[in-house]
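As the structure is a prediction and not an experimental result, all values here were calculated from the model. Letters go in sequence order (proteins before strands), and every chain restarts at 1.
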Amino acid sequence: MILRKLVKVPNITSRTHNSLHHRMLNFSTLFNPPFSPKPPSHLATNVIKSYFETGRVREARTLFDEIPERDVVAWSAMISGYSSCDLHTEAWVMLREMLRAGDGVQPNEFTFSSALKACKGMNSLSCGALVHALALKLGVLGNIYVGNALMDMYGTCCSRMDRAFAVFEEIGAKNSVSWTTLIACHTHLGDGHGGLRVFRQMLLEEAELNPFNVSIAISACASISSQVYGRQIHAAVFKRGFESSIPVMNSILDMYCRCNGLSEASRCFHGMTERDIITWNTMIAGYEKSDPYEAINLYSSLEFEGLTPNCFTFTSVIAAVANMAVLGVGEQFHGGILRRGLGDDLGVANALIDMYAKCGNIMNSCKIFNEMHVKNVVSWTSMMVGYGSHGHGKEAIALFDKMVQSGVRPDRIVFVAVLNACSHTGLVDEGLRYFKSMVSNYNITPDQEIYGCVVDLLGRAGRVKEAYELIEAMPFMPDESVWGAFLGACKAHKLAELGKLAASRVLELRPSVAGTYMAFSNLYAADGKWGDYARIRKLLRRMGSKKEAGRSWIEVRNDIYSFVAGDKLGSRIEWVYEAVDILGLHMKEARHNPDLECLEDGT
DNA sequence: GTAGGGTTAG
């Protein structure tokens with residue numbers, strides 16, 4: 001009777017549970033009654049599993065330690081339990097203890113599949129390869145669970161897709177998990193095309209569609225921004241009745257959000273009968289950039305539905321606040337984050353650094369950054385971008401050096417941040433040094449964005465010839481971001497001929513960019529060539545293309561007023577003009593000469 | 001009595 005009660009651990013209250021646990025510690029009394037010749041360790045294993053399922057890790061370990069003769073099932077339950085609770089290192093330590101115990105217990109296929117999951121969780125290729133060797137020695141590689149787990153480990157740890165694929169090829173009778181795992185490995189590595197190739201192969205080999213492989217295939221479409229493929233799979237989802245699966249629908253929402261289909265995402269979202277927190281997070285993230293106001297509205301509806309926001313929710317909501325630059329709202333969300341104990345989450349803290357910087361409060365960004373216990377490359381980048389946009393280029397650069405000293409390896413995006421900081425502070429030679437170091441010390445191949453930054457760095461400082469030489473020396477065709485940076489330099493330094501060359505290149509690459517025509521016509525105007533100026537303007541009008549209006553907004557006593565140049569906000573617009581006049585006076589006092597040519601009526 | 005794949009944050 002007592003044993004039957006113990007097996008039902010998850011359903012009991014904590015007080016009852018604690019008292020039971022207190023009695024359970026005496027293992028031999030409970031599990032080895034006088035009439036039983038051998039300890040029924042399978043019952044203890046049952047309880048261990050229940051403990052892990054309810055997160056009672058310490059109790060599981062205590063009970064395990066009490067078992068006099070641990071068999072392979074008990075060891076496997078411990079390794080699996082730790083790994084399921086995301087305690088992968090503990091699972092690994094357990095495996096090592098098992099192998100060293102010297103009691104003749106050998107790992108089986110259950111032990112290996114759980115151990116490989118732990119290696120994947122630790123992102124340790126060396127541990128995974130050790131398990132692989134041992135599994136080979138003990139002849140369990142033919143087991144489908146072991147094969148699939150091995151493939152997953154290789155595909156995740158250090159991106160060894162070559163080895164993952166070799167394992168996949170060796171699996172004789174692949175099952176649906178084998179296919180899903182291989183598609184997921186490709187997709188999670190950012191190779192959506194590869195994921196879809198495998199998905200297509202899976203269909204050719206007449207493997208069945210299921211919610212698992214469909215979710216990851218849609219995620220692959222999202223990663224390559226292909227709404228065309230995404231819609232095809234959406235149609236298959238509809239046909240097979242997988243629309244009742246929340247993860248499948250969440251994937252579809254995410255795909256539409258990332259593939260310029262926000263209205264379609266919204267339609268699907270409203271059609272869902274059941275939604276979880278990931279559904280809401282996906283939509284909030286989808287609206288965060290293009291319609292941050294709606295993202296914040298969604299947050300309110302989520303709370304109204306009684307769901308609990310998590311760190312993903314706040315990361316997106318804080319990003320929405322940053323895009324609107326509404327400090328008061330951001331502070332309120334920050335309070336909510338602290339009340340829920342989510343302030344220590346890395347993603348949330350990174351978003352807060354960015355939000356405070358974009359809302360003009362760089363001091364709070366610094367405070368959050370300095371108080372973080374763990375920082376990743378995004379934390380350092382966010383702080384550097386913040387410093388850069390506040391005109392503190394030197395602080396941004398100092399931070400880069402500090403980051404390297406702390407052992408964080410810079411990625412491509414950090415270099416974008418440091419180059420921008422150098423560019424806006426006029427630290428041209430420092431910027432060029434970082435550009436060279438990126439290639440020689442960190443083996444990062446510069447892409448269009450990086451070249452655009454360096455062209456901007458040289459161009460702003462008036463070193464336009466060097467900027468042009470850099471463009472000429474690029475190992476690939478410069479895109480519109482590179483020529484755009486060059487065009488900006490020509491405009492700033494009134495180099496009409498070179499500017500026309502740059503503008504024509506941008507127009508060749510993206511003929512629909514109205515902003516380029518504007519810059520182009522301004523160059524003619526600056527050059528006094530009014531006939532050419534009129535011709536471009538006429539062309540622009542004929543295209544029906546309109547440069548998107550630069551929108552500004554101001555927060556006055558908790559109300560936000562948004563406007564474009566020449567807009568009328570009733571009597572309140574006077575406040576804005578008054579503020580602009582005061583800024584102009586400040587500029588004159590500081591002996592800055594405002595460039596009024598950049599002002600365009602109605603834009 | 002012990003093992004598996006999918007969805008959200010820069």
Side-chain angles (χ1 to χ4, degrees), chain A residues 7 40-50 52 67 70-81 83-84 107-118 120 140 143-152 155 175-185 187-188 195 210-220 222 242 245-255 257-258 276-286 288-289 309-320 322 345-351 353-354 376-379 381-382 385 411 413-414 416-417:
Chain A
V7 176
S41 76
H42 63 277
L43 288 172
T45 309
N46 242 339
V47 182
I48 286 171
K49 193 184 171 199
S50 302
F52 276 118
I67 303 175
R70 301 153 190 160
D71 60 8
V72 63
V73 184
W75 281 104
S76 302
M78 287 302 291
I79 295 167
S80 160
S83 194
S84 300
N108 65 10
E109 55 272 35
F110 289 81
T111 329
F112 281 114
S113 58
S114 301
L116 286 165
K117 185 182 168 191
K120 178 193 168 187
V140 294
N143 178 278
I144 187 77
Y145 284 86
V146 176
N148 289 340
L150 193 60
M151 180 173 57
D152 201 5
N175 65 9
S176 58
V177 180
S178 322
W179 287 105
T180 308
T181 305
L182 191 63
I183 301 168
C185 286
T187 308
H188 293 154
N210 65 28
F212 289 93
N213 54 39
V214 153
S215 308
I216 189 66
I218 294 167
S219 177
F242 295 154
S245 157
I246 296 180
V248 167
M249 287 312 294
N250 290 347
S251 268
I252 289 174
L253 297 183
D254 186 50
M255 181 273 295
C257 287
R258 286 172 196 268
D276 64 7
I277 186 66
I278 298 180
T279 317
W280 288 89
N281 291 349
T282 305
M283 289 308 292
I284 293 172
E288 168 247 309
K289 283 194 180 64
N310 62 17
C311 41
F312 284 82
T313 326
F314 282 112
T315 307
S316 298
V317 172
I318 291 294
D345 180 82
L346 192 57
V348 171
N350 291 345
I353 293 173
D354 188 52
N376 67 0
V377 69
V378 182
S379 329
T381 312
S382 304
V385 169
D411 64 4
I413 305 170
V414 184
V416 172

Hey, is the side chain of A:Asp152 pairing donor to acceptor with the base of B:dG4 inside 3.5 Å?
-> no
Using a heavy-atom cut-off of under 4.0 Å over every strand shown, decide if A:Asp345 touches base, sugar-phosphate, or nothing.
-> base
Where the side chain of A:Ser176 is defined as all heavy atoms beyond and including C-beta, which of B:dA3, B:dT8, B:dG5 is the nearest nucleotide?
-> B:dG5
Could you check how far CD1 of A:Ile318 sits from C1' of B:dT8, rounded to whole Å?
-> 16 Å
Picking from B:dT8, B:dA9, B:dG6, which would you name as closest to the side chain of A:Ser215?
-> B:dG6
Checking only heavy atoms, does the side chain of A:Ser113 share a donor-acceptor pair with the base of B:dA3 at less than 3.5 Å?
-> yes
Short side-chain N/O contact from A:Arg258 to OP1 or OP2 of B:dA9, under 4.0 Å = yes
Examine the side chains of A:Asn213 and A:Thr180 and answer whether a donor and an acceptor come within less than 3.5 Å of each other.
-> no
Pair A:Asp345, A:Asn310: side-chain N/O donor-acceptor within cut-off below 3.5 Å | no
If you look at every strand shown and take non-hydrogen atoms under 4.0 Å, does A:Asn148 touch a base, only sugar-phosphate, or nothing?
-> base
Report which part of the nucleic acid A:Val248 touches: base, sugar-phosphate, or nothing (heavy-atom distance under 4.0 Å, all strands).
-> base
Under 4.0 angstrom between A:Lys49 side-chain N/O and B:dT2 OP1 or OP2 = yes
Tell me, please, which residues at least two apart from A:Asn148 pass side-chain hydrogen bond (donor to acceptor under 3.5 Å, both in side chains).
-> A:Asn175, A:Ser178
A:Asn310 CG - B:dT7 C1' separation (whole Å) | 13 Å
Using a distance-only test with no angle check, is there a side-chain donor-acceptor pair under 3.5 angstrom linking A:Asn376 and A:Ser379?
-> yes
Under 4.0 Å between any heavy atoms, over every strand shown, what does A:Ser245 touch: base, sugar-phosphate, or nothing? Just pick one.
-> base
Separation of atom CD1 in A:Ile278 from atom C1' in B:dA9, rounded to whole Å | 12 Å
Given B:dG1, B:dA9, B:dT2, which nucleotide is nearest the side-chain atoms of A:His42?
-> B:dG1
A:Leu116 has an atom CG; how far is it from atom C1' of B:dG4, in whole Å?
-> 11 Å
Heavy atoms under 4.0 Å, any strand shown: does A:Glu288 hit a base, just sugar-phosphate, or nothing?
-> sugar-phosphate
Where the side chain of A:Asn175 is concerned, which of B:dA3, B:dG6, B:dG4 is the nearest nucleotide?
-> B:dG4
Which of these nucleotides, B:dG10, B:dT2, B:dT7, is closest to any side-chain atom of A:Pro247?
-> B:dT7
Selection from B:dA9, B:dT2, B:dG1 that lies nearest to any side-chain heavy atom of A:Ala74 | B:dG1
Within this structure, what is the CG-to-P distance between A:Asp71 and B:dT2, rounded to whole angstrom?
-> 11 Å
A:Asn281/A:Asn250 under side chain to side chain donor-acceptor pair (under 3.5 Å): CA gap, chis, key distance, verdict | CA-CA 9 Å; A:Asn281 291 349; A:Asn250 290 347; over 6 Å; no
With heavy atoms under 4.0 Å as the rule, sort A:Ile144 into base, sugar-phosphate or nothing.
-> base
Does any N or O donor sit under 3.5 Å from an N or O acceptor when you compare the side chain of A:Thr180 with the base of B:dG5?
-> yes
Touch check for A:Asp276, heavy atoms < 4.0 angstrom, all strands: base, sugar-phosphate only, or nothing?
-> nothing
If you take atom types as modelled and just measure distance, does the side chain of A:Ser76 reach the base of B:dG1 with a donor-acceptor pair under 3.5 Å?
-> no
Nearest-Å distance for atom pair CZ/P, residues A:Phe312 and B:dG10 = 10 Å
Would you mind reading off the distance between A:Lys117 atom NZ and B:dG4 atom C1', rounded to a whole angstrom?
-> 8 Å
How close or far is atom P of B:dA9 from atom CH2 of A:Trp280, stated in whole angstroms?
-> 17 Å
Test side-chain hydrogen bond (donor to acceptor under 3.5 Å, both in side chains) applied to A:Lys120 - qualifying residues, sequence neighbours left out | A:Asp152
Check every atom of B:dG5, B:dA3, B:dG6 against the side chain of A:Asn143 and return the nucleotide holding the closest atom.
-> B:dA3
Would you find a donor on one side and an acceptor on the other, under 3.5 Å apart, between the side chain of A:Ser83 and the backbone of A:Ile79?
-> no
Taking only the side-chain heavy atoms of A:Ala184 (C-beta and beyond), determine which of B:dT2, B:dT8, B:dG6 contains the nearest atom.
-> B:dG6
Report yes if a side-chain nitrogen or oxygen of A:His188 is closer than 4.0 Å to either non-bridging phosphate oxygen (OP1 or OP2) of B:dT7; otherwise report no.
-> yes
What nucleotide among B:dT8, B:dT2, B:dA9 has an atom nearest to a side-chain atom of A:Phe110?
-> B:dT2
Select one nucleotide: of B:dA3, B:dG6, B:dT2, the one nearest the side-chain heavy atoms of A:Tyr145.
-> B:dA3
Determine whether any donor atom in the side chain of A:Ser251 lies under 3.5 Å from an acceptor atom in the base of B:dG6, or the reverse, and answer yes or no.
-> no
